[in-house]
Amino acid sequence: MSDLHLYGTVGLGWGDCFTASDVKGELDAMEGDLTVHVNSGGGDAFEGVAISQLLNAYRRRTGGRVTCRVEGLAASAASYMVLTADEVVMAPGSMMMIHDPSSYCEGGAGSMRSVADTLDALAASIASQYVLKTGKGADEVREAMGAETWFTADEAVAWGIADSVDAGAVPVAACVDERLLAGYRNRPDTLLLDGAGDGARGHTAPKNEADDALPEPGEAPGDGRPVGGQGLRCVLGHVFHEKEQ
């Protein structure tokens, strides 16, 4: 039995993070049944897809069973990162969120059309994975993505995006720094940290001073890497188009 912990942002750019390359390096040294522990507010869409395929490849290579445990939050890229597991288990108090990718584009009409086409293709690809997992129709999945749908642990199981709730686990309160969730329009207030350490607004631990280095809401990280095509980068599930030179 092996354990892999994926906590933080999917891809580079926001605080603690992990990449597909990081995950591959860990998986290459593992054998047998695998439990992937997940707590992530999302990240690089293409990195999330790559990690989901790495988990699929691990199962084929080793013959081991892959279980993904959502231990706090699996939002955006993290929600489809877990879909190729044999089983998705939600901890009590955990949450999952699915939505459409979005973008900030600066440039001419051609650049904006290109970004829109990329977003359409990416959304369709992601939706197909949710369809495979849930057995729901594409229209229903696309509607849920467009609405930015948040699921409690029980709701995720009822909708089919997760398989079970671990009734024996200690209940937790999923919570994430609000700057990481600034782009999510329907985020529950109980997810937001208040920095006071008193349990208000779902907070369960004192604020980490290192978090002050995170970008303010609406800012893109300064070190985002180009991915998925020239001039495109994806951070926290949003595709950013680089300013034309």
Side-chain angles (χ1 to χ4, degrees), residues 1 3-10 16 18 23 33-43 45 48-49 51-52 55-56 59 65-100 126-127 129-137 140-178 180-181 183-194 199-205 236-237:
M1 172 71 73
D3 291 272
L4 177 65
H5 291 78
L6 301 181
Y7 291 174
T9 303
V10 183
D16 293 336
F18 54 89
V23 173
D33 292 347
L34 172 68
T35 298
V36 184
H37 306 265
V38 177
N39 183 31
S40 174
V49 171
I51 291 170
S52 72
L55 296 177
N56 196 30
R59 183 174 56 246
R65 178 177 175 83
V66 177
T67 301
C68 282
R69 286 182 48 87
V70 179
E71 298 183 338
L73 177 64
S76 187
S79 71
Y80 50 85
M81 181 181 72
V82 306
L83 293 182
T84 54
D86 294 294
E87 184 178 13
V88 179
V89 179
M90 304 291 289
S94 64
M95 299 192 74
M96 191 175 291
M97 184 274 279
I98 68 174
H99 69 157
D100 278 339
I126 293 168
Q129 298 304 306
Y130 293 136
V131 168
L132 287 174
K133 176 64 178 178
T134 65
K136 296 185 179 298
E140 183 176 357
V141 168
R142 291 294 293 115
E143 181 178 359
M145 290 173 63
E148 187 188 293
T149 302
W150 293 78
F151 301 96
T152 64
D154 289 332
E155 289 169 346
V157 173
W159 206 69
I161 201 169
D163 300 296
S164 64
V165 178
D166 185 356
V170 176
V172 298
C175 52
V176 179
D177 190 294
E178 62 186 304
L180 295 180
L181 298 177
Y184 300 155
R185 65 183 184 274
N186 296 330
R187 62 187 186 274
D189 285 344
T190 52
L191 282 175
L192 304 181
L193 302 183
D194 63 2
R201 299 175 68 199
H203 187 56
T204 57
L236 287 173

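- In this pair, W159 and F151 present their aromatic rings tilted. The plane angle is within the 30 to 60° band.
- Atom-to-atom distance recorded for D100:CG and E143:CD is 11.5 Å, nearest 0.5 angstrom.
- Closest heavy-atom contact between V36 and V66: CG2-CG1, 4.3 Å.
- Taking 4.5 Å as the limit, some side-chain heavy atom of M81 sits within range of a side-chain heavy atom of L6.
- A77 and A45 make their closest contact through CB-CA, 4.2 Å (heavy atoms, listed as atom of the first residue, atom of the second, distance).
- Side chain of N39 to main chain of L73: a donor-acceptor pair is present (N/O by atom type, distance under 3.5 Å, no hydrogens or angles).
- Between the CD atom of Q129 and the OG1 atom of T84 there is a distance of 8.0 Å, given to the nearest 0.5 Å.
- Taking each heavy atom of V49 and S52 in turn, the nearest pair found is O-OG, 2.6 Å.
- Atom OG of residue S79 and atom CE of residue M95 lie 12.5 Å apart, to the nearest 0.5 angstrom.
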(request) For E140 and T134, run side chain to side chain contact (heavy atoms under 4.5 Å, CB included): C-alpha distance rounded to whole Å, both residues' side-chain angles, the deciding distance at 0.1 Å, then the answer. (result) CA-CA 11 Å; E140 183 176 357; T134 65; over 6 Å; no
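- Taking D154 as the reference, nothing meets the salt bridge (charged side-chain N to carboxylate O under 4.0 Å, His left out) condition, with sequence neighbours excluded.
- The shortest heavy-atom contact between S40 and G8 is OG-O, 2.6 Å.
- Rounded to the nearest 0.5 Å, atoms CZ (R69) and CG (L4) are 14.0 Å apart.
- The environment of E87 atom CD is dense: over 12 non-hydrogen atoms of other residues, nucleotides or ligands sit within 6.0 angstrom.
- Taking the side chain as every heavy atom from C-beta outward, Y130 and K136 never approach each other to under 4.5 Å.
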(message) If you apply the rule side chain to side chain contact (heavy atoms under 4.5 Å, CB included), what do you find for K133 with D163, and how did you get there?
(response) CA-CA 10 Å; K133 176 64 178 178; D163 300 296; 2.8 Å; yes
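- With values rounded to the nearest 0.5 angstrom, M96 atom CE is found 12.0 Å from E155 atom CD.
- Residue D33 comes nearest to R65 through the heavy atom pair OD1-N, 2.8 Å, listed as atom of the first residue, atom of the second, then distance.
- Taking 4.5 Å as the limit, every side-chain heavy atom of F18 sits out of range of all side-chain heavy atoms of H5.
- Atom-to-atom distance recorded for M97:CE and I161:CD1 is 10.5 Å, nearest 0.5 angstrom.
- Taking each heavy atom of A75 and G41 in turn, the nearest pair found is CB-O, 3.6 Å.
- Among L55, D86, V89, T35, the one residue that satisfies the side chain to side chain contact (heavy atoms under 4.5 Å, CB included) test with C68 is L55.
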